[in-house]
Amino acid sequence: MSSQPLMNTYNRLSVAFERGEGVWIYDTDGHKYLDALSGIAVTGLGHAHPAVTRAICDQASKLIHCSNLYTIPLQQQLAEKLCAVSGMDNVFFGNSGAEANEAAIKLARRYGHQKGIDLPTIIVMENAFHGRTLATLSATGNRSAQAGFEPLVSGFVRVPYDDVDAIRQVAANNPNICAILVEPVQGEGGVHIPAPDYLNQLRAICDQQEWLLMLDEVQTGNGRTGRYFAYQHNAILPDVVTTAKGLGNGVPIGACLAHGKAAELFKPGSHGTTFGGNPLASAAALAVMDTIETEGLCEHAAALGDYIVDGFRTQLGDAPYIRAIRGKGLMLGIELTEAGTELAVLAKVKGVLLNITGGGRVVRMLPPLIMSQNEADLMINTVSQLIRVYAGDERSE
Ligand SMILES: *Cc1c(COP(=O)(O)O)cnc(C)c1O
């Protein structure tokens with residue numbers, strides 16, 4: 001056995017957690033941390049939410065797994081609920097964001113072939129993140145994540161994010177385009193929020209060109225930005241939307257939703273999965289969706305997100321080392337003028353979990369949707385002070 005039994009895929013911080021409750025998580029030495037990252041937008045209901053725990057325990061005692069060769073009533077119920085909340089027509093369930101996006105990419109290719117395009121091509125964005133499987137890595141706009149894994153999957157062309165003219169240019173020059181795949185807010189890329197009418201413009205182009213508009217809501221979905229799905233801020237319907245992270249509050253599940261012509265593309269045998277939409281994951285996701293609805297967590301995320309952005313702007317807004325403070329609901333980013341990679345470790349020492357993204361310059365927070373205003377104040381004050389000390393503006397106490 002190797003001295004390092006885990007493959008070397010993460011630079012992990014030296015802390016291990018053993019339990020959590022709400023926004024709090026406790027390490028093996030009993031220290032308590034404010035989880036302002038939610039396991040990267042996963043535990044939107046906080047840790048050990050009783051409704052999710054109950055759903056998982058009840059279901060585990062009845063039936064955890066059932067093949068998709070059979071009817072799975074909980075999966076059907078979950079699909080109905082997702083369609084009702086999204087305005088979409090049907091759903092394919094996988095186990096992760098990457099799998100949800102793989103399904104979307106396959107839908108787009110099938111759609112292209114149906115239109116007589118032999119080499120269907122999807123427009124993707126600079127700085128996009130869509131996952132780590134070969135197709136989703138190829139769609140991802142991060143050269144360092146791709147380097148060494150060539151040959152990449154073909155059939156993608158890349159344009160700058162939030163640049164409608166660049167897409168019009170591709171439309172005029174590339175007859176193989178059949179779809180656009182885009183995040184409504186770029187998460188891993190550094191919490192980039194496009195112009196308010198960006199998605200409306202993309203919808204108009206897709207209608208005109210007869211392309212599929214495919215939204216990657218793996219991170220932005222499930223209430224994160226203050227609506228169930230981020231496209232609902234724009235009053236449009238995509239043809240395909242994918243989600244995962246927050247859907248199971250930690251139980252792995254991914255979903256690819258389709259509408260209209262995109263909902264008719266798969267036939268039995270077109271796509272499949274062993275685990276996707278199993279009774280356990282479906283029960284957990286149903287509990288998550290019920291809780292988001294009954295506790296009004298989308299509205300809460302919208303209001304608390306505005307409050308937090310205001311708080312950070314008051315504390316840090318004028319400082320010369322701050323480039324921008326961005327937020328949509330509880331997707332929050334503080335962009336520094338210089339790299340601040342060490343801030344994740346320093347925040348951990350101060351009892352707050354967050355991460356650094358966007359090329360090392362964006363302090364990212366994705367707090368649970370259930371966060372209270374007092375907990376938000378604690379996060380704003382701790383993180384603001386940390387950044388001031390780090391920038392040399394203030395001495396540590
Ligand atoms: C996290 C993420 C993915 C990948 O999800 P996995 O569950 O890690 O495969 C895809 N797209 C976006 C926008 C993400 O944030």
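When a ligand or atom number is given, it counts from 1 through the structure's own listing order. Predicted, not measured: the structure shown is a model, and the values here were computed from it.
Every atom of ligand 1 is numbered from 1 in the order shown, and the set under 4.0 Å from a heavy atom of S96 is 7 (O), 9 (O). Residue contact check: G97 has heavy atoms under 4.0 Å from atoms 5 (O), 6 (P), 7 (O), 9 (O) of ligand 1. Of all the atoms in ligand 1, the ones that sit under 4.0 Å from a non-hydrogen atom of D216 are 10 (C), 11 (N), 12 (C), 13 (C). Under a 4.0 Å criterion applied to the non-hydrogen atoms of N101, ligand 1 contributes the atoms 10 (C), 11 (N). Against a heavy-atom cut-off of under 4.0 Å, E183 is close to the following atoms of ligand 1: 13 (C). Each of the atoms 10 (C), 11 (N) of ligand 1 lies under 4.0 Å from some heavy atom of H130.
Using cut-offs of 30° and 60° for the angle between ring planes, the H271 and F266 rings count as tilted. By the 30° and 60° cut-offs, the orientation of the rings of Y33 relative to H31 is perpendicular.
Contacts between T136 and ligand 1 below 4.0 angstrom, taking non-hydrogen atoms only, are absent altogether. Contacts with ligand 1 closer than 4.0 Å are made by side-chain heavy atoms of K245 only, the backbone lying farther away.
Distances between N or O atoms of Q219 and those of ligand 1 include at least one value under 3.5 Å. Considering backbone and side-chain N/O of A98, one or more are found under 3.5 Å from N/O of ligand 1. Note: no N/O pair closer than 3.5 Å links A244 and ligand 1 by distance alone. Any N or O atom pair closer than 3.5 Å counts here, and F129 shares at least one such pair with ligand 1.
The 12-atom threshold is not exceeded at CD of E21, counting heavy atoms of other residues, nucleotides or ligands nearer than 6.0 Å.
Among T140, T242, T133, T136, the one residue that satisfies the side-chain hydrogen bond (donor to acceptor under 3.5 Å, both in side chains) test with N101 is T242. A side chain to side chain contact (heavy atoms under 4.5 Å, CB included) with I380 is found for exactly one of I308, V309, D310, namely I308.
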Using a 3.5 Å cut-off and no angle test, enumerate the donor-acceptor pairs between side-chain atoms of residues 88-95 and protein atoms at least two apart in sequence or in another chain.
{"residue": "D89", "atom": "OD2", "partner": "G260", "partner atom": "N", "Å": "2.8"}
{"residue": "N90", "atom": "ND2", "partner": "A263", "partner atom": "O", "Å": "2.9"}
{"residue": "N95", "atom": "OD1", "partner": "G276", "partner atom": "N", "Å": "3.4"}
{"residue": "N95", "atom": "ND2", "partner": "E99", "partner atom": "OE1", "Å": "3.1"}
{"residue": "N95", "atom": "ND2", "partner": "E99", "partner atom": "OE2", "Å": "3.4"}

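Within the 4.0 Å cut-off (strictly below), a protein heavy atom is located near atom 5 (O) of ligand 1.
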Begin with the C-alpha distance, continue with both residues' side-chain angles, and end with the deciding distance and a verdict on side-chain hydrogen bond (donor to acceptor under 3.5 Å, both in side chains) for D216 and H130.
CA-CA 7 Å; D216 180 345; H130 298 297; 2.8 Å; yes
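One finds the CG atom of L366 at 5.5 Å from the CG atom of L37 (value rounded to the nearest 0.5 Å).
Under the side-chain contact (heavy atoms from CB on, under 4.5 Å) criterion, E299 pairs with no residue at all, not counting sequence neighbours.
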